[in-house]
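Single-structure report; data block below.
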Amino acid sequence: RATQKRRGLTRVLAWSALGVVLLAGGYAVWRGARSSGNETAEARPRVVVGSKDFTESVLLAEIYAQMLEARGVEVIRNFELAGNLAHESLTGGQIDAYPEYTGTSYMAILKYPLNTDARTVYETVRRDYAEKFNAEVSPSLGFSNTFAILVRGADARRLNLKTVSDAIPHARNWRAGFGQDFMSRADGYPGFARTYNLQFAAQPREMDLSLTYRALATDQVDLIAGNSTDGLISTLDLFQLEDDRRYFPPYEAVILIRRDTLARVPAAMEVLSLLGGKLSTEEMRRLNYEVDGNRRDKREVVREWIEKAVTSDK
């Protein structure tokens with residue numbers, strides 16, 4: 001009986017040892033799988049995309065965000081940053097990228113005087129942002145959101161108006177209406193009137209920018225200064241006169257991005273290359289109007305545009 005007890009004890013110990021081995025092995029496999037999953041999650045690149053606090057900036061930021069996500073990049077959206085918060089957030093490392101305009105960077109951030117040469121402005125901004133802020137400037141997205149001198153489409157066709165200079169002889173009989181920003185800016189009305197020697201029938205009316213479009217369309221004024229990518233331009237049959245004396249500085253749309261982000265996220269540069277030259281002024285007007293005029297969801301509008309303009313080109 002003692003022998004049998006010893007044999008029984010031996011079996012119990014053997015099975016116990018086997019159980020310990022199996023449990024240890026199972027734990028190792030589970031931990032390895034979990035560790036591998038964490039490493040994958042940690043290895044997934046992350047980019048924080050910002051925007052300014054108006055529709056067009058949010059749309060451009062959303063385009064960049066969705067195209068990054070399509071390439072496996074985790075995107076955190078930090079949109080609607082007012083004033084210079086987007087710039088400060090970029091240089092402070094709170095965001096990695098945001099849409100900007102070369103003229104704004106050139107004059108408002110870098111404090112250079114007005115310059116109307118688009119190539120000089122772009123190259124200066126690109127050089128200075130690299131040196132001062134360790135940031136890269138993308139290629140132009142394809143359009144410039146500058147001041148747009150607008151008249152009614154019917155008047156442009158009737159009087160054969162193409163440029164601001166064409167409008168000079170008619171201005172003395174016209175009423176003008178401008179937003180407060182245009183009336184007060186260094187690149188606004190005072191210099192514009194001097195450059196073109198414009199004299200209107202009365203002192204231009206100062207009004208909210210959003211009201212100037214309707215005022216022009218309903219014959220309350222005859223000439224306004226809007227934004228070149230505003231969707232109401234096409235919707236209300238307004239016509240943009242060419243700035244033939246090149247008074248207004250260039251405001252080419254670009255994406256600013258931290259250089260350390262480009263180094264750690266290869267897809268970030270790939271997307272910037274794909275977006276170069278993709279958006280025309282007319283297309284940007286349409287996208288803006290889809291959101292502001294038709295009250296559509298920004299993400300859905302962007303999704304449709306990417307499918308049509310980017311994905312279909314592959």
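Just so it is clear, the values below take in all heavy atoms, side chains as well, and ignore hydrogens, waters and symmetry mates. Residues: numbered from 1 along the sequence shown.
Side-chain N or O atoms of Arg245 include one that pairs as donor or acceptor with a backbone N or O of Thr195 at under 3.5 Å. Glu74 places no side-chain N or O within 3.5 Å of a backbone atom of Arg44 that could act as its donor or acceptor partner. The backbone N or O of Leu216 lies less than 3.5 Å from a partner atom in the side chain of Arg152, making a donor-acceptor pair. Side chain of Ser57 to main chain of Asp53: no donor-acceptor pair is present (N/O by atom type, distance under 3.5 Å, no hydrogens or angles). One N or O on the side chain of Asp244 and one on the backbone of Ser165 form a donor-acceptor pair closer than 3.5 Å. Looking at Thr212, its side chain does come within 3.5 Å of a backbone N or O of Leu209 through a donor-acceptor pair. Between the Ser228 side chain and the Ser144 main chain, a donor and an acceptor come within less than 3.5 Å of each other. Here the side chain of Arg175 pairs a donor or acceptor atom with the backbone of Gln220 at under 3.5 angstrom. No donor-acceptor pair closer than 3.5 Å links the side chain of Tyr189 to the backbone N or O of Gly179. At least one donor-acceptor pair under 3.5 Å links the side chain of Tyr64 to the backbone N or O of Ala268.
Residues in residues 125-160 take part in these ring-ring contact (aromatic ring centres under 6.0 Å, His included) pairs, two or more places apart or across chains: His87-Phe133, Tyr129-Phe133, Phe147-Phe182, Phe147-Phe248. Listed by first then second residue, pairs satisfying ring-ring contact (aromatic ring centres under 6.0 Å, His included) with a partner in residues 196-227 read Phe192-Tyr196, not counting sequence neighbours.
No salt bridge links Arg303 with Glu62; every basic N to acidic carboxylate O contact stays at or beyond 4.0 Å. A salt bridge between Asp260 and Arg258 is present, with a side-chain N of the basic residue lying under 4.0 Å from a carboxylate O of the acidic one.
Annotation for Arg214: atom CZ does not count as buried by contact number, only 12 or fewer foreign heavy atoms lying within 6.0 Å. The local environment of CZ in Arg46 is sparse, with at most 12 non-hydrogen atoms from other residues, nucleotides or ligands closer than 6.0 Å.
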Next item on the list: Begin with the C-alpha distance, continue with both residues' side-chain angles, and end with the deciding distance and a verdict on salt bridge (charged side-chain N to carboxylate O under 4.0 Å, His left out) for Glu123 and Arg119.
Entry: CA-CA 6 Å; Glu123 293 298 341; Arg119 179 48 50 188; 3.0 Å; yes
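Side-chain contact check for Asn145 and Thr229: at least one donor-acceptor pair (N or O, by modelled atom type) lies under 3.5 Å.
For the pair Tyr122 and Val254, the minimum side-chain heavy-atom distance is below 4.5 Å. Counting heavy atoms from C-beta outward, Ile149 and Asp243 have side chains that stay 4.5 Å or more apart. Taking 4.5 Å as the limit, every side-chain heavy atom of Leu272 sits out of range of all side-chain heavy atoms of Glu136. Under the 4.5 Å side-chain criterion, counting only non-hydrogen atoms from C-beta, Leu141 is not in contact with Pro99. You'll find the side chain of Asp117 reaches within 4.5 Å of the side chain of Arg246, heavy atoms only.
Qualifying side chain to side chain contact (heavy atoms under 4.5 Å, CB included) partners for Gln203, counting only residues two or more places apart in sequence or in other chains: Met183.
The distance from the CZ atom of Phe239 to the CG atom of Leu161 is 8.0 Å, given to the nearest 0.5 Å.
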